[in-house]
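Right, one structure below, let's go through it.
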Amino acid sequence: ECMHDGNEACTATYNNLIVTKPVLYNGYIYFLGKFKTKETTGYSLYKAALDGSSLDKITDVAEERIPLQYEEGLCEHSRLIIHKGYAYVSYNIGTSYLDFVQSGFARVDIQTGKTETIFKHDDYSKSVNYHLLAGYGDYFYYCDQNFSFSPESSTNICRYNIKTGESEKIVLDDENLMTFSCVNDENIYFRYFNR
């Protein structure tokens with residue numbers, strides 16, 4: 001008998017959140033929700049029961065003041081993947097030179113809500129857009145690209161060691177457009193389009 005009108009008791013339309021694609025993990029649905037108040041905007045991590053009986057906010061991942069020239073965007077530049085009990089989150093607050101505030105990549109313990117910032121950028125010309133790919137073994141794989149898409153930018157496939165916290169570039173290709181497919185113990189597989 002819910003009206004699905006964005007009220008706080010409605011797990012389907014809770015507070016009219018703009019959300020990312022959901023992730024199913026250990027019997028719960030996880031997603032990022034973009035929020036906006038009069039002065040701030042950011043992203044929070046949520047956990048929902050499969051039957052819609054509960055919806056809980058785990059933590060705020062990022063929150064920043066809204067700049068004067070800010071246009072509300074969707075969550076297309078924000079992503080979420082869960083690996084070994086941690087949510088890996090990429091986000092952007094603002095998507096153009098005029099309204100850009102910050103881009104980042106964070107790790108969240110989904111049990112405690114403890115958040116660790118892995119990378120964070122607040123300069124548009126030097127900021128990076130992170131595309132989360134997959135978790136495998138002791139690594140988390142992602143692509144990075146200069147957010148301003150400058151002519152000298154390239155796409156890098158990188159991996160982050162979840163035990164040591166070290167990050168390294170493992171595939172760099174300026175000439176081809178790569179699409180990550182999968183990874184195993186020995187190889188990374190990707191499709192590419194030669195421009």
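On a predicted model such as this, the values are computed, not experimentally measured, just so you know.
- Asn16 is linked by a side chain to side chain donor-acceptor pair (under 3.5 Å) to nothing, counting only residues two or more places apart in sequence or in another chain.
- The structure places OH of Tyr46 at 13.5 Å from CG of Leu80, a figure rounded to the nearest 0.5 Å.
- Smallest separation of non-hydrogen atoms from Cys143 and Ile157: SG-CG1, 3.7 Å.
- Not counting sequence neighbours, Tyr141 has no partner by the ring-ring contact (aromatic ring centres under 6.0 Å, His included) test.
- Here the CD atom belonging to Glu8 is positioned 4.5 Å from the OH atom belonging to Tyr14, to the nearest 0.5 angstrom.
- Panel note: side chain Asn15, backbone Leu17; no donor-acceptor pair is recorded below 3.5 Å.
- Applying the side chain to side chain donor-acceptor pair (under 3.5 Å) test to Glu116 and every residue at least two apart in sequence or in another chain returns Arg107.
- No donor-acceptor distance shorter than 3.5 angstrom exists from the side chain of Ser90 to the backbone of Tyr88, with no hydrogens or angles considered.
- A ring-centre distance under 6.0 Å is not found for Phe140 and Tyr160.
- Considering every non-hydrogen atom in both Pro22 and Ile29, the closest pair reads CB-CG2, 3.6 Å.
- Interatomic distance, Tyr28 OH to Ile82 CD1, rounded to the nearest 0.5 Å: 12.5 Å.
- Across all non-hydrogen atoms, the minimal contact from Leu132 to Arg79 is CD1-O, 3.5 Å.
- In this structure, CD1 in Ile58 is found 4.0 Å from CG in Leu45, a value given to the nearest 0.5 Å.
- Looking at Asn187, its side chain never comes within 3.5 Å of a backbone N or O of Tyr189 through a donor-acceptor pair.
- A distance-only check finds no donor-acceptor pair linking the side chain of Thr40 to the backbone of Glu64 [under 3.5 Å].
- For His83 against Gly137, the heavy-atom pair with the smallest separation is NE2-O, 2.9 Å.
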*Could you walk me through whether Leu55 and Phe31 pass the side-chain contact (heavy atoms from CB on, under 4.5 Å) check?*
CA-CA 11 Å; Leu55 175 64; Phe31 62 89; 3.7 Å; yes
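- Using a 4.5 Å heavy-atom cutoff, the side chains of Asn7 and Cys2 are in contact.
- Residues that satisfy the side chain to side chain donor-acceptor pair (under 3.5 Å) test with Lys114, not counting sequence neighbours, are absent from this structure.
- Legend: residues meeting side chain to side chain contact (heavy atoms under 4.5 Å, CB included) with Phe119, ordered by chain and number and at least two apart, are Phe105, His121, Tyr130, Tyr142, Ser167.
- Rounded to the nearest 0.5 Å, atoms OG1 (Thr11) and NE2 (His4) are 8.0 Å apart.
- For the pair Cys158 and Lys169, the tightest heavy-atom approach, listed with the atom from each and the gap, is SG-CG, 3.6 Å.
- Atom CD of Glu39 has 12 or fewer heavy atoms from other residues, nucleotides or ligands within 6.0 Å.
- Between the side chain of Tyr25 and the main chain of Gly85, a donor-acceptor pair closer than 3.5 Å is present.
- Taken from CD1 in Ile110 to OG1 in Thr59, the straight-line distance is 13.0 Å, to the nearest 0.5 Å.
- Scanning for side chain to side chain contact (heavy atoms under 4.5 Å, CB included) contacts around Lys163 gives Asp138, Asn161, with sequence neighbours left out.
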_Evaluation steps, side-chain contact (heavy atoms from CB on, under 4.5 Å), between Phe35 and Glu63_ = CA-CA 9 Å; Phe35 64 85; Glu63 182 175 7; 3.8 Å; yes
